[in-house]
Amino acid sequence: MLRIAIIGAGAVSDYHHVPAIRLDPRAELVAACDANEKLLQQRQRDWGVEVVSTDPEAICARDDVDAVIIATPNFTHRPIALAAVRAGKHVMCEKPLGLNPAEVREMYHAARDAGVVHMTAFTYRFAPSMRYLKHLVAAGQLGEPRHFRSQRFLDWPETSWGWRQYQHLAGAGDLFDMTIHRIDFAQDLLGRIARVTGALARFAPRTETKDGQACEPSDVDDWSSILGEFACGATGVWEGTTLAKGYGRGGFGHEWAEINGAEGSAVYQLHEPNTVLLGKTGQDLAPVDVPAEFLKPADSPRDPSQGEPATVFRYDLVWEFVSAITDKRPAVPDFYDGLSAQVIAGAAIDSYHNRRWVEIPHEPR
Ligand SMILES: NC(=O)c1ccc[n+]([C@@H]2O[C@H](COP(=O)([O-])OP(=O)(O)OC[C@H]3O[C@@H](n4cnc5c(N)ncnc54)[C@H](O)[C@@H]3O)[C@@H](O)[C@H]2O)c1
(Lines give C-alpha, C1' and ligand atoms only; values in the text may rest on other atoms or scores of the structure.)
Protein backbone atom coordinates (compact mmCIF):
# COMPACT_ATOMS: atom_id res chain seq x y z
CA MET A 1 0.00 0.00 0.00
CA LEU A 2 1.42 3.39 -1.01
CA ARG A 3 1.24 5.80 1.92
CA ILE A 4 0.43 9.34 0.76
CA ALA A 5 0.54 12.64 2.66
CA ILE A 6 -1.36 15.71 1.49
CA ILE A 7 0.44 19.01 2.05
CA GLY A 8 -2.00 21.89 1.62
CA ALA A 9 -5.48 20.79 2.66
CA GLY A 10 -7.40 23.50 0.76
CA ALA A 11 -9.85 23.39 -2.11
CA VAL A 12 -8.05 21.29 -4.72
CA SER A 13 -7.02 18.61 -2.21
CA ASP A 14 -10.58 18.30 -0.95
CA TYR A 15 -12.20 18.27 -4.42
CA HIS A 16 -9.68 16.24 -6.41
CA HIS A 17 -6.84 14.57 -4.56
CA VAL A 18 -8.49 13.06 -1.50
CA PRO A 19 -11.44 11.53 -3.44
CA ALA A 20 -8.87 10.19 -5.92
CA ILE A 21 -6.83 8.51 -3.18
CA ARG A 22 -10.05 6.98 -1.81
CA LEU A 23 -10.76 5.48 -5.26
CA ASP A 24 -7.34 3.86 -5.55
CA PRO A 25 -7.05 0.49 -3.79
CA ARG A 26 -3.24 0.70 -4.03
CA ALA A 27 -3.00 3.92 -1.98
CA GLU A 28 -4.00 5.33 1.39
CA LEU A 29 -4.04 8.81 2.88
CA VAL A 30 -1.85 8.62 5.98
CA ALA A 31 -1.14 12.27 6.84
CA ALA A 32 -2.32 15.81 6.16
CA CYS A 33 -0.54 19.10 6.58
CA ASP A 34 -1.84 22.65 6.46
CA ALA A 35 -0.66 25.98 7.84
CA ASN A 36 -4.22 26.72 8.99
CA GLU A 37 -4.79 24.77 12.22
CA LYS A 38 -8.55 25.19 12.23
CA LEU A 39 -8.88 23.87 8.69
CA LEU A 40 -6.49 21.04 9.52
CA GLN A 41 -8.67 19.93 12.44
CA GLN A 42 -11.72 19.96 10.18
CA ARG A 43 -9.93 17.95 7.51
CA GLN A 44 -8.70 15.47 10.11
CA ARG A 45 -12.35 14.76 10.96
CA ASP A 46 -13.68 14.91 7.39
CA TRP A 47 -10.89 12.89 5.81
CA GLY A 48 -10.45 10.51 8.75
CA VAL A 49 -6.69 10.94 8.80
CA GLU A 50 -4.72 10.22 11.95
CA VAL A 51 -1.46 12.14 11.47
CA VAL A 52 -1.73 15.91 11.03
CA SER A 53 0.85 18.66 11.23
CA THR A 54 1.28 22.32 10.34
CA ASP A 55 4.93 21.63 9.40
CA PRO A 56 5.55 20.33 5.84
CA GLU A 57 9.17 19.39 6.63
CA ALA A 58 8.05 17.20 9.54
CA ILE A 59 5.57 15.42 7.27
CA CYS A 60 8.22 14.90 4.58
CA ALA A 61 10.64 13.43 7.14
CA ARG A 62 8.22 10.72 8.35
CA ASP A 63 9.18 7.09 7.71
CA ASP A 64 5.53 6.09 7.33
CA VAL A 65 5.05 8.42 4.33
CA ASP A 66 6.09 7.20 0.86
CA ALA A 67 4.78 10.03 -1.31
CA VAL A 68 3.48 13.57 -0.94
CA ILE A 69 0.99 15.67 -2.87
CA ILE A 70 1.78 19.38 -2.64
CA ALA A 71 -1.30 21.59 -3.03
CA THR A 72 -0.26 24.78 -1.25
CA PRO A 73 -0.02 28.35 -2.64
CA ASN A 74 2.49 28.67 -5.47
CA PHE A 75 5.28 30.42 -3.55
CA THR A 76 5.61 27.45 -1.17
CA HIS A 77 5.90 24.73 -3.83
CA ARG A 78 9.68 25.02 -4.24
CA PRO A 79 10.76 24.71 -0.57
CA ILE A 80 8.24 21.94 0.14
CA ALA A 81 9.12 19.96 -3.00
CA LEU A 82 12.83 20.25 -2.21
CA ALA A 83 12.20 19.02 1.36
CA ALA A 84 10.19 16.07 0.02
CA VAL A 85 12.87 15.13 -2.48
CA ARG A 86 15.62 15.45 0.15
CA ALA A 87 13.66 12.97 2.26
CA GLY A 88 13.43 10.59 -0.72
CA LYS A 89 9.67 10.92 -1.14
CA HIS A 90 7.87 10.67 -4.47
CA VAL A 91 6.18 13.96 -5.17
CA MET A 92 3.21 15.26 -7.10
CA CYS A 93 3.10 19.04 -7.07
CA GLU A 94 0.33 21.37 -8.18
CA LYS A 95 0.83 23.74 -11.06
CA PRO A 96 2.41 26.16 -11.56
CA LEU A 97 5.39 24.33 -10.07
CA GLY A 98 6.92 27.64 -8.98
CA LEU A 99 7.05 31.39 -9.41
CA ASN A 100 9.55 31.44 -12.28
CA PRO A 101 11.59 29.06 -14.48
CA ALA A 102 14.73 29.28 -12.28
CA GLU A 103 12.84 27.96 -9.23
CA VAL A 104 11.23 25.20 -11.25
CA ARG A 105 14.52 24.18 -12.89
CA GLU A 106 15.98 23.67 -9.40
CA MET A 107 12.96 21.54 -8.43
CA TYR A 108 13.18 19.44 -11.59
CA HIS A 109 16.93 18.84 -11.23
CA ALA A 110 16.58 17.93 -7.53
CA ALA A 111 13.77 15.43 -8.16
CA ARG A 112 15.46 13.95 -11.23
CA ASP A 113 18.80 13.55 -9.45
CA ALA A 114 17.18 12.00 -6.35
CA GLY A 115 15.56 9.32 -8.54
CA VAL A 116 12.09 9.84 -7.05
CA VAL A 117 8.90 9.85 -9.13
CA HIS A 118 7.90 13.46 -9.80
CA MET A 119 4.66 14.65 -11.35
CA THR A 120 3.06 18.00 -12.22
CA ALA A 121 -0.70 18.21 -11.69
CA PHE A 122 -1.65 19.25 -15.20
CA THR A 123 -5.23 18.10 -14.82
CA TYR A 124 -6.67 18.65 -18.28
CA ARG A 125 -4.33 16.17 -19.96
CA PHE A 126 -6.53 13.56 -18.31
CA ALA A 127 -9.86 14.70 -19.82
CA PRO A 128 -11.11 11.86 -22.04
CA SER A 129 -11.55 14.24 -24.99
CA MET A 130 -7.98 15.50 -24.56
CA ARG A 131 -6.64 11.93 -24.47
CA TYR A 132 -8.59 11.18 -27.66
CA LEU A 133 -7.40 14.40 -29.32
CA LYS A 134 -3.84 13.31 -28.62
CA HIS A 135 -4.53 9.95 -30.22
CA LEU A 136 -6.11 11.59 -33.30
CA VAL A 137 -3.11 13.89 -33.82
CA ALA A 138 -0.53 11.15 -33.24
CA ALA A 139 -2.37 8.78 -35.61
CA GLY A 140 -2.31 11.46 -38.33
CA GLN A 141 -6.13 11.58 -38.50
CA LEU A 142 -6.17 15.36 -38.86
CA GLY A 143 -3.25 15.55 -41.28
CA GLU A 144 -0.29 17.86 -40.65
CA PRO A 145 -1.25 20.11 -37.68
CA ARG A 146 -1.38 23.79 -38.69
CA HIS A 147 -3.16 25.69 -35.92
CA PHE A 148 -3.69 25.22 -32.18
CA ARG A 149 -6.26 27.45 -30.50
CA SER A 150 -7.28 27.63 -26.85
CA GLN A 151 -9.91 29.68 -25.01
CA ARG A 152 -10.50 29.52 -21.25
CA PHE A 153 -13.20 31.98 -20.24
CA LEU A 154 -14.50 32.16 -16.68
CA ASP A 155 -17.08 34.42 -15.11
CA TRP A 156 -15.63 34.85 -11.64
CA PRO A 157 -16.59 37.45 -9.02
CA GLU A 158 -14.37 40.54 -8.92
CA THR A 159 -13.70 40.19 -5.19
CA SER A 160 -10.31 39.18 -3.73
CA TRP A 161 -8.58 36.01 -4.92
CA GLY A 162 -6.63 35.76 -1.64
CA TRP A 163 -3.00 34.67 -2.20
CA ARG A 164 -3.73 34.19 -5.91
CA GLN A 165 -3.86 37.94 -6.57
CA TYR A 166 -0.29 38.86 -5.54
CA GLN A 167 2.79 38.31 -7.68
CA HIS A 168 5.04 37.44 -4.73
CA LEU A 169 2.70 34.60 -3.69
CA ALA A 170 1.27 33.41 -7.01
CA GLY A 171 3.78 34.53 -9.65
CA ALA A 172 1.07 35.60 -12.08
CA GLY A 173 -2.74 35.57 -12.26
CA ASP A 174 -4.76 33.98 -15.05
CA LEU A 175 -1.54 33.08 -16.87
CA PHE A 176 -0.27 30.78 -14.07
CA ASP A 177 -3.66 29.68 -12.82
CA MET A 178 -5.35 28.80 -16.10
CA THR A 179 -3.33 29.39 -19.28
CA ILE A 180 -0.35 27.34 -18.05
CA HIS A 181 -2.48 24.16 -18.30
CA ARG A 182 -3.22 25.03 -21.92
CA ILE A 183 0.46 25.66 -22.66
CA ASP A 184 1.14 22.19 -21.28
CA PHE A 185 -1.45 20.30 -23.29
CA ALA A 186 -0.58 22.23 -26.44
CA GLN A 187 3.03 21.02 -26.13
CA ASP A 188 1.83 17.52 -25.34
CA LEU A 189 -0.24 17.53 -28.55
CA LEU A 190 2.10 19.32 -30.95
CA GLY A 191 5.56 19.25 -29.40
CA ARG A 192 7.83 22.05 -28.32
CA ILE A 193 6.84 25.70 -28.64
CA ALA A 194 9.76 27.51 -30.31
CA ARG A 195 8.87 31.19 -29.82
CA VAL A 196 6.14 33.28 -28.22
CA THR A 197 4.83 36.76 -27.71
CA GLY A 198 2.40 37.39 -24.87
CA ALA A 199 0.10 40.03 -23.46
CA LEU A 200 -1.38 40.50 -19.97
CA ALA A 201 -4.00 42.84 -18.55
CA ARG A 202 -5.65 43.56 -15.23
CA PHE A 203 -9.11 45.07 -15.04
CA ALA A 204 -10.41 44.24 -11.53
CA PRO A 205 -8.63 45.92 -8.58
CA ARG A 206 -9.93 43.27 -6.09
CA THR A 207 -9.67 45.50 -3.04
CA GLU A 208 -12.44 43.68 -1.13
CA THR A 209 -12.86 40.13 0.08
CA LYS A 210 -16.06 38.16 -0.48
CA ASP A 211 -17.28 39.17 2.99
CA GLY A 212 -16.57 42.87 2.45
CA GLN A 213 -13.16 43.23 4.17
CA ALA A 214 -10.69 45.67 2.57
CA CYS A 215 -7.47 44.20 1.16
CA GLU A 216 -4.42 45.25 -0.86
CA PRO A 217 -5.18 45.57 -4.59
CA SER A 218 -4.24 42.78 -6.95
CA ASP A 219 -0.99 43.12 -8.90
CA VAL A 220 -1.53 40.14 -11.26
CA ASP A 221 -3.22 39.68 -14.64
CA ASP A 222 -6.85 38.68 -14.95
CA TRP A 223 -6.55 38.29 -18.74
CA SER A 224 -3.65 36.63 -20.55
CA SER A 225 -2.90 35.78 -24.11
CA ILE A 226 -0.09 34.19 -26.10
CA LEU A 227 0.72 33.93 -29.76
CA GLY A 228 3.25 31.21 -30.52
CA GLU A 229 4.98 29.06 -33.09
CA PHE A 230 5.66 25.39 -32.49
CA ALA A 231 8.93 23.80 -33.59
CA CYS A 232 6.82 21.64 -35.95
CA GLY A 233 5.74 24.81 -37.77
CA ALA A 234 2.16 25.02 -36.43
CA THR A 235 0.84 28.29 -34.99
CA GLY A 236 -0.73 28.66 -31.54
CA VAL A 237 -3.15 31.18 -30.03
CA TRP A 238 -4.16 31.14 -26.35
CA GLU A 239 -6.59 33.42 -24.52
CA GLY A 240 -7.71 33.20 -20.88
CA THR A 241 -9.83 35.47 -18.72
CA THR A 242 -11.75 35.32 -15.47
CA LEU A 243 -13.86 38.32 -16.49
CA ALA A 244 -16.01 36.79 -19.23
CA LYS A 245 -19.47 37.75 -17.99
CA GLY A 246 -22.11 35.21 -18.90
CA TYR A 247 -19.66 32.30 -19.20
CA GLY A 248 -20.60 30.54 -15.93
CA ARG A 249 -21.57 27.20 -17.46
CA GLY A 250 -22.44 25.59 -14.14
CA GLY A 251 -19.16 26.73 -12.57
CA PHE A 252 -16.95 25.06 -15.18
CA GLY A 253 -16.75 28.11 -17.48
CA HIS A 254 -16.05 27.93 -21.18
CA GLU A 255 -13.11 25.96 -22.45
CA TRP A 256 -12.43 25.31 -26.09
CA ALA A 257 -9.20 23.92 -27.51
CA GLU A 258 -8.83 22.83 -31.10
CA ILE A 259 -6.40 21.69 -33.71
CA ASN A 260 -6.82 22.48 -37.38
CA GLY A 261 -4.82 20.02 -39.47
CA ALA A 262 -4.32 19.83 -43.20
CA GLU A 263 -7.20 17.32 -43.45
CA GLY A 264 -9.46 17.99 -40.50
CA SER A 265 -10.22 19.79 -37.23
CA ALA A 266 -10.84 18.40 -33.75
CA VAL A 267 -12.18 20.24 -30.70
CA TYR A 268 -11.99 19.58 -26.96
CA GLN A 269 -14.48 21.29 -24.59
CA LEU A 270 -14.24 20.95 -20.83
CA HIS A 271 -17.98 20.90 -20.18
CA GLU A 272 -18.41 17.95 -22.58
CA PRO A 273 -15.29 15.90 -21.84
CA ASN A 274 -16.66 12.63 -23.23
CA THR A 275 -17.23 14.07 -26.71
CA VAL A 276 -15.01 15.73 -29.33
CA LEU A 277 -16.16 17.79 -32.28
CA LEU A 278 -14.67 16.46 -35.50
CA GLY A 279 -14.79 17.72 -39.07
CA LYS A 280 -12.98 16.91 -42.29
CA THR A 281 -12.62 19.41 -45.10
CA GLY A 282 -15.98 20.25 -46.64
CA GLN A 283 -17.94 19.04 -43.58
CA ASP A 284 -19.28 20.87 -40.53
CA LEU A 285 -17.87 20.03 -37.10
CA ALA A 286 -20.03 17.34 -35.50
CA PRO A 287 -19.94 15.62 -32.08
CA VAL A 288 -18.29 12.20 -31.85
CA ASP A 289 -18.29 10.09 -28.66
CA VAL A 290 -14.86 9.49 -27.16
CA PRO A 291 -14.20 5.73 -27.53
CA ALA A 292 -14.37 3.75 -24.27
CA GLU A 293 -10.61 3.10 -24.14
CA PHE A 294 -9.96 6.84 -23.66
CA LEU A 295 -12.53 7.42 -20.88
CA LYS A 296 -10.12 6.39 -18.10
CA PRO A 297 -6.69 4.80 -17.61
CA ALA A 298 -6.77 1.14 -18.64
CA ASP A 299 -6.51 -0.52 -15.20
CA SER A 300 -8.31 2.10 -13.13
CA PRO A 301 -11.38 0.82 -11.26
CA ARG A 302 -13.13 4.19 -11.77
CA ASP A 303 -16.53 3.83 -13.45
CA PRO A 304 -16.60 6.58 -16.10
CA SER A 305 -20.42 6.62 -16.12
CA GLN A 306 -20.45 7.79 -12.49
CA GLY A 307 -20.31 11.40 -11.33
CA GLU A 308 -20.02 14.75 -13.09
CA PRO A 309 -17.99 14.12 -16.27
CA ALA A 310 -16.12 17.45 -16.03
CA THR A 311 -14.97 16.54 -12.49
CA VAL A 312 -14.30 12.81 -12.34
CA PHE A 313 -11.40 12.63 -14.83
CA ARG A 314 -9.43 14.77 -12.37
CA TYR A 315 -9.14 11.69 -10.14
CA ASP A 316 -6.96 10.05 -12.83
CA LEU A 317 -4.02 12.26 -11.81
CA VAL A 318 -3.52 10.32 -8.59
CA TRP A 319 -4.05 7.06 -10.51
CA GLU A 320 -1.14 8.02 -12.80
CA PHE A 321 1.07 9.09 -9.88
CA VAL A 322 0.49 5.83 -8.00
CA SER A 323 0.85 3.76 -11.20
CA ALA A 324 4.22 5.37 -11.98
CA ILE A 325 5.50 4.62 -8.46
CA THR A 326 4.14 1.06 -8.48
CA ASP A 327 5.45 0.33 -11.99
CA LYS A 328 8.81 2.05 -11.26
CA ARG A 329 8.56 4.35 -14.28
CA PRO A 330 8.45 8.15 -14.75
CA ALA A 331 5.08 9.83 -14.22
CA VAL A 332 3.44 11.71 -17.07
CA PRO A 333 3.35 14.74 -16.93
CA ASP A 334 6.50 15.13 -14.85
CA PHE A 335 8.48 18.08 -13.45
CA TYR A 336 10.19 18.48 -16.83
CA ASP A 337 6.79 19.19 -18.37
CA GLY A 338 6.09 21.59 -15.51
CA LEU A 339 9.37 23.36 -16.25
CA SER A 340 8.74 23.43 -19.96
CA ALA A 341 5.33 25.12 -19.49
CA GLN A 342 6.79 27.52 -16.91
CA VAL A 343 9.49 28.59 -19.37
CA ILE A 344 6.81 29.45 -21.95
CA ALA A 345 4.68 31.33 -19.41
CA GLY A 346 7.76 33.22 -18.18
CA ALA A 347 8.71 34.08 -21.76
CA ALA A 348 5.17 35.41 -22.36
CA ILE A 349 5.60 37.78 -19.40
CA ASP A 350 9.07 38.91 -20.59
CA SER A 351 7.77 39.39 -24.10
CA TYR A 352 4.90 41.56 -22.87
CA HIS A 353 7.16 43.78 -20.76
CA ASN A 354 9.79 44.12 -23.48
CA ARG A 355 7.32 44.28 -26.39
CA ARG A 356 9.11 41.61 -28.43
CA TRP A 357 8.98 37.95 -29.45
CA VAL A 358 11.03 35.55 -27.30
CA GLU A 359 12.89 32.52 -28.68
CA ILE A 360 12.58 29.46 -26.40
CA PRO A 361 15.86 27.58 -25.97
CA HIS A 362 15.60 23.79 -25.89
CA GLU A 363 15.58 22.69 -22.23
CA PRO A 364 17.85 19.68 -21.61
CA ARG A 365 16.16 16.68 -19.88
N1 LIG B 1 -4.58 21.27 -11.19
C2 LIG B 1 -5.70 21.98 -11.03
O3 LIG B 1 -6.66 21.85 -11.79
C4 LIG B 1 -5.77 22.94 -9.89
C5 LIG B 1 -7.01 23.40 -9.43
C6 LIG B 1 -7.02 24.25 -8.32
C7 LIG B 1 -5.83 24.63 -7.72
N8 LIG B 1 -4.64 24.20 -8.21
C9 LIG B 1 -3.36 24.57 -7.58
O10 LIG B 1 -3.32 23.96 -6.29
C11 LIG B 1 -2.65 24.81 -5.36
C12 LIG B 1 -3.59 25.10 -4.19
O13 LIG B 1 -4.77 25.71 -4.68
P14 LIG B 1 -6.13 25.71 -3.82
O15 LIG B 1 -7.18 26.26 -4.71
O16 LIG B 1 -6.35 24.40 -3.18
O17 LIG B 1 -5.73 26.81 -2.73
P18 LIG B 1 -6.31 27.00 -1.26
O19 LIG B 1 -5.95 28.38 -0.87
O20 LIG B 1 -7.75 26.56 -1.21
O21 LIG B 1 -5.49 25.94 -0.40
C22 LIG B 1 -4.13 26.08 -0.09
C23 LIG B 1 -3.93 25.57 1.32
O24 LIG B 1 -2.53 25.58 1.62
C25 LIG B 1 -2.36 25.99 2.98
N26 LIG B 1 -0.98 26.49 3.14
C27 LIG B 1 -0.49 27.72 2.84
N28 LIG B 1 0.84 27.75 3.08
C29 LIG B 1 1.17 26.51 3.56
C30 LIG B 1 2.39 25.94 3.99
N31 LIG B 1 3.55 26.60 3.95
N32 LIG B 1 2.37 24.65 4.42
C33 LIG B 1 1.21 23.95 4.47
N34 LIG B 1 0.02 24.47 4.07
C35 LIG B 1 0.01 25.72 3.61
C36 LIG B 1 -3.45 27.03 3.19
O37 LIG B 1 -3.74 27.19 4.57
C38 LIG B 1 -4.60 26.45 2.39
O39 LIG B 1 -5.46 25.65 3.19
C40 LIG B 1 -2.23 26.04 -6.16
O41 LIG B 1 -0.91 25.88 -6.58
C42 LIG B 1 -3.17 26.05 -7.36
O43 LIG B 1 -2.60 26.66 -8.50
C44 LIG B 1 -4.61 23.35 -9.28
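Whatever order the structure lists them in is the order used to number ligands and atoms, beginning at 1.
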**Request:** Please determine if Arg112 forms a cation-pi arrangement with Tyr108, meaning its NZ or CZ atom is less than 6.0 Å from the six-membered ring centre and no more than 45° off the ring axis.
**Result:** yes

**Request:** Provide, to 0.1 Å, the distance between atom 12 (C) of ligand 1 and the closest protein heavy atom, together with that atom's residue and name.
**Result:** Ala71 O, 3.3 Å

**Prompt:** What orientation do His118 and Phe335 show, parallel under 30°, tilted 30 to 60°, or perpendicular over 60°?
**Reply:** tilted

**Asked** Can you name the one residue among Arg131, Arg302, Lys296 that meets salt bridge (Lys or Arg N to Asp or Glu O under 4.0 Å) with Asp316?
**Response** Arg302

**Message:** Heavy-atom pairs closer than 4.0 Å: do any link ligand 1 to the side chain of Lys95, the backbone, both, or neither?
**Reply:** both

**Asked** Can you check whether Lys210's main-chain N or O pairs, donor with acceptor, with Thr159's side chain at less than 3.5 Å?
**Response** no

**Asked** Of all the atoms in ligand 1, which lie at a distance below 4.0 Å from a heavy atom belonging to Asp177?
**Response** 43 (O)

**Request:** Have a look at Pro73, Gly98, Ala121, Gly171 and point out the one with the heavy atom closest to atom 26 (N) of ligand 1.
**Result:** Pro73

**Side chain, backbone, both or neither: the part of Pro56 lying under 4.0 Å from ligand 1 by heavy atom** = side chain

**Asked** Heavy-atom count around Glu57 CD within 6.0 Å, excluding the residue itself: above 12?
**Response** no

**Prompt:** Donor-acceptor pair, Lys89 side chain versus Arg62 backbone, under 3.5 Å?
**Reply:** yes

**Message:** I want to know if ligand 1 touches Ser13 in the polar sense, i.e. an N/O pair below 3.5 angstrom.
**Reply:** no

**Item:** Nearest protein heavy atom with distance in Å, relative to atom 8 (N) of ligand 1
**Value:** Glu94 OE1, 3.6 Å

**Phe230 and Phe148 aromatic ring geometry - parallel, tilted or perpendicular at 30°/60° bounds** = perpendicular

**N/O separation below 3.5 Å, Cys33 to ligand 1** = no

**Request:** Check whether any N or O atom of Ile7, backbone or side chain, sits under 3.5 Å from an N or O atom of ligand 1, and answer yes or no.
**Result:** no

**Asked** Of all the atoms in ligand 1, which lie at a distance below 4.0 Å from a heavy atom belonging to His77?
**Response** 41 (O)

**Request:** Mark yes or no: Arg26 above the aromatic ring of Trp319, with NZ or CZ under 6.0 Å from the six-membered ring centre and no more than 45 degrees from the axis.
**Result:** yes

**Message:** Evaluate Ser218 against Arg164 for side-chain hydrogen bond (donor to acceptor under 3.5 Å, both in side chains), listing each step before the verdict.
**Reply:** CA-CA 9 Å; Ser218 167; Arg164 276 185 167 80; over 6 Å; no

**Complete:** Nearest non-hydrogen contact to atom 21 (O) of ligand 1 from the set Gly8, Gly10, Cys93, Ala9 belongs to Gly10

**Prompt:** What protein heavy atom sits nearest atom 41 (O) of ligand 1, and how far off is it?
**Reply:** Asn74 OD1, 2.7 Å

**Item:** Expected output: side-chain Arg78 to main-chain Phe75 donor-acceptor under 3.5 Å
**Value:** no

**Prompt:** Tell me: protein heavy atom nearest atom 16 (O) of ligand 1, and distance?
**Reply:** Val12 N, 2.9 Å

**Item:** Residue, atom name and distance, where the atom is the protein heavy atom closest to atom 20 (O) of ligand 1
**Value:** Ala11 N, 3.0 Å

**Prompt:** Do side-chain atoms of Asp155 reach the backbone of Gly246 as a donor and acceptor pair under 3.5 angstrom?
**Reply:** yes

**Complete:** Contact region, Thr76 to ligand 1, non-hydrogen atoms below 4.0 Å, reads side chain

**Prompt:** Is Arg206 positioned over the aromatic face of Trp161, cation under 6.0 angstrom from the ring centre and no more than 45 degrees off axis?
**Reply:** yes

**Request:** Using distance alone, decide if ligand 1 has a nitrogen or oxygen within less than 3.5 Å of any nitrogen or oxygen in Asp34.
**Result:** yes

**Request:** Inspect the surroundings of CD in Glu363 and state if more than 12 heavy atoms from other residues, nucleotides or ligands are less than 6.0 Å away.
**Result:** yes

**Message:** Under 4.0 Å from a heavy atom of His181: which atoms of ligand 1 are those, numbered in the order shown and with their elements?
**Reply:** 1 (N), 2 (C), 3 (O)

**Message:** If you take the nearest heavy atom of each of Asn36, Leu317, Thr72, which one is closest to atom 11 (C) of ligand 1?
**Reply:** Thr72

**Request:** Could you verify whether a donor N or O on one side chain and an acceptor N or O on the other, from Trp163 and Gln165, lie under 3.5 Å apart?
**Result:** no

**Asked** Would you say ligand 1 has an N or O under 3.5 Å from any N or O of Leu39?
**Response** no

**Per atom 34 (N) of ligand 1, closest listed option by heavy atom (Pro79, Ser53, Ala35)** = Ala35

**Request:** Report the part of Trp163 (side chain from C-beta onward, or backbone N, CA, C, O) that has a heavy atom under 4.0 Å from ligand 1; answer both or neither where that applies.
**Result:** side chain

**Request:** May I ask you to check whether Thr123 has an N/O atom sitting below 3.5 Å from an N/O atom of ligand 1?
**Result:** yes

**Message:** Suppose we measure from atom 7 (C) of ligand 1 to each protein heavy atom; which comes out shortest, and what is that distance?
**Reply:** Arg164 NH2, 3.4 Å

